[in-house]
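What follows is a short report on a single structure.
A quick note: this is a predicted structure, and the numbers were derived from the prediction, not measured. Lettering of chains follows the sequences in order, A, B, ..., and the numbering in each one begins at 1.
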4 protein chains.
Amino acid sequence: MQTAVNKRDSIVSSALVLFAERGYDATTIPMIATSAGVGAGTIYRYFENKEVLGNKIFQEYLNIFTETLENGFPYDESIRNQFHHIFISMIHFTTEHSQALYFIKTHSSAHFLNEESHSSFQGLLNILKSFFDSGKAKKEIKELPSAALIAIIYGAFLELQRLVRMGELEPEAKLLADVEESIWDAVRLHV
Amino acid sequence: MQTAVNKRDSIVSSALVLFAERGYDATTIPMIATSAGVGAGTIYRYFENKEVLGNKIFQEYLNIFTETLENGFPYDESIRNQFHHIFISMIHFTTEHSQALYFIKTHSSAHFLNEESHSSFQGLLNILKSFFDSGKAKKEIKELPSAALIAIIYGAFLELQRLVRMGELEPEAKLLADVEESIWDAVRLHV
Amino acid sequence: MQTAVNKRDSIVSSALVLFAERGYDATTIPMIATSAGVGAGTIYRYFENKEVLGNKIFQEYLNIFTETLENGFPYDESIRNQFHHIFISMIHFTTEHSQALYFIKTHSSAHFLNEESHSSFQGLLNILKSFFDSGKAKKEIKELPSAALIAIIYGAFLELQRLVRMGELEPEAKLLADVEESIWDAVRLHV
Amino acid sequence: MQTAVNKRDSIVSSALVLFAERGYDATTIPMIATSAGVGAGTIYRYFENKEVLGNKIFQEYLNIFTETLENGFPYDESIRNQFHHIFISMIHFTTEHSQALYFIKTHSSAHFLNEESHSSFQGLLNILKSFFDSGKAKKEIKELPSAALIAIIYGAFLELQRLVRMGELEPEAKLLADVEESIWDAVRLHV
DNA sequence: CATGAATGAGCTTTCATTCAT
DNA sequence: TATGAATGAAAGCTCATTCAT
């Protein structure tokens, strides 16, 4: 049972949790309605249909994350610090919206996504790409395709985050620092 | 349209591709039947129902991969060589069954999996865990929880593999070697 | 096309007629839906599945009949009067729910019946058994097993009722009285 | 598993048992095939389709019974003796083909029966009707419609027979004699 | 002749969506 | 504006029937 101030938010956060846990296709509108504490018909007052709901949620959280990432990005600082900012952003965003990044990842090539969702997602990838490109230019990041580097950082982080969410791992400061170091080791150029 | 020698194999490989691409829930029996070039009813001659089909495929490929991994595992050699074996096994297995590891990963906590599937999956995790534990004992692997280390290697590899499959990355020897090095850097203890 | 006040009743009475006429297995959900004037999906809002529908109808009418039988049963009067009460109850119940007793009889050992249905049916048989047992004790009923006596009265009455329903017999007072006498002759002890 | 000399008989007797026990609609062709110890396809070498099989079995046993009844019918003897012949014929026929009369009764107005089956059944009814008519003419049988009298004798006998088949009643000579007397009491004119 | 693997029509059932209240 | 009963299109699944062997 969601306890958001307004019904729209309640629907969105309930749907997010269910989409992340069961997947978009295994989640029914009545499930969302029950979890959000609203009638099934109410969902259609806020979203044209299930597909639109899925896309809206995908984009909404993606945009929040992208903003989190861009907000205060230390372009002038060292690559390592920039990396730290990215990592911290992931942590912060995940703390606020525990299921959002996982939902985005597991559905980033889902059949129901529309053009706008795809390009929103591309926007996120581009930010990361820029970072890696500048890092490679400065000989601080490995000469791997950016897509590969993104895959490593993104894949590793999210798999970890899944373990935390499932209670198999405790997200203590020490662990997070170690994980950050580990991922950094993966992408940085060892001299 | 699948062109396997027998219908069972045809159904299995068609289903694997669709499950990997669209997800289990978004894949319908008629879709599988069409893709496998058989009648919808034929699928039920080989598998009791869709759930059983999902579990069978999950376990079948998981077992092949586990065997691939255990086959000729260089227990007596260095940790780095053991890691190489693991990486190479992933490459080989993925070459043979391009969608299998991705399907396994994306569905490893899916709602339709039965007990046997879960324990088969646990078996795979245990192999990797043993490797990391011995590496940590020898001070060659970072002191991170094994679950976290597995998440890093597994998550990174599969994200990469997805890019290859989608044609966004070319799986040349150089790239693979670099990726292997990158993941190794992520998990090894830097002195 | 049923014209009941509410949809549940409409479904129940439509299903009863079809189950009685064609049998449970030869009756499809779309048939019931059409006859009840509802959508096929609506049936599932009231009954979990076809099996539950079958059992509910079986029990519902069985309970009404059992009540009809027990209501005002003249325990203190003569065996003949008690028999009359039973016969009249059958007539009354059949008048209200023309297909119900026939449906119950033709499906009393059907494969879809659950434990509750079976014991409800047993409850009805027990009432009749008690009657026959007391009649035998008073030397007014033949010394046949109660099951046999029940079979005679039950089988005869329902076969008759079927003929009435199919229009092959007119249920006039004279006929009913004669039939009652005939069945009574079958079970009573002739001195 | 049937052990008839030829496959056709094996199919027929297996189908009869299953049709009687589960009903025509709840009996599948594979069930019959398994029980008859033949391949499912084999059934179609002997019977065009399931409907034809159902009708053939209905008619075949009906004809045997009708012959049993007509064979040695004591037209010249007393009504009571004629009645005895009918009762004994039922017993004999039921001993030979334990499920046949029950199948015929429970399916005598089934949806799959064709014209020929219906008229075969009518033939049986006519024999009984003639008997009752002559009995009424001789003032030895109650002045009830023949259909009603047939219903009584037929319904009572078969309900009884069902109990015997289900093991709830032992078909000893004494019971049979008592039942015969009971049914006779039901139809005879008491002076 | 006999078979049983294969099929698709049609069944049971689900669920996104509508709409009267 | 909010609802949930009602719906029917489409899903999962069964089984009478066919046909290559």
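- At a cut-off of 3.5 Å, with distance as the only test, no side-chain donor of Q59(B) or S120(B) sits close to an acceptor on the other residue.
- Counting only N and O atoms by type, the side chains of S117(A) and N114(A) include a donor and acceptor under 3.5 Å apart.
- Rounded to whole Å, the distance from CG on L53(A) to C1' on dC15(E) is 15 Å.
- Across all their heavy atoms, L113(D) and H107(D) have their closest contact at CD1-O, 3.1 Å.
- Summarising the geometry of T42(A) relative to Y46(A), their closest heavy-atom pair is O-CD1, 3.3 Å, with the distance given to 0.1 Å.
- Under the 6.0 Å distance and 45° angle rule, K56(D) does not count as a cation-pi partner of Y61(D).
- Between M31(C) and T27(C) the shortest heavy-atom distance is SD-CA, 3.9 Å.
- Where DNA chain F pairs in unbroken runs of 3 or more (Watson-Crick or G-U, both distances under 3.5 Å), the stems are E:2-21 with F:2-21.
- R162(C) and S109(D) get closest at one heavy-atom pair: NH1-OG, 3.9 Å.
- I11(C) has its CD1 atom 11 Å from the C1' atom of dA5(F), to the nearest Å.
- In this structure, I32(D) atom CD1 and dC15(F) atom P are separated by 12 Å, rounded to whole Å.
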> S35(B) and V17(B): side-chain contact (heavy atoms from CB on, under 4.5 Å), yes or no, with the steps?
Replying inline: CA-CA 10 Å; S35(B) 164; V17(B) 172; over 6 Å; no
> Reading nucleotides 6-14 of chain F from the 5' end, what letters show protein touch, with B for base, S for backbone sugar-phosphate only, - for no heavy atom under 4.0 Å?
Replying inline: BBB--SSBB
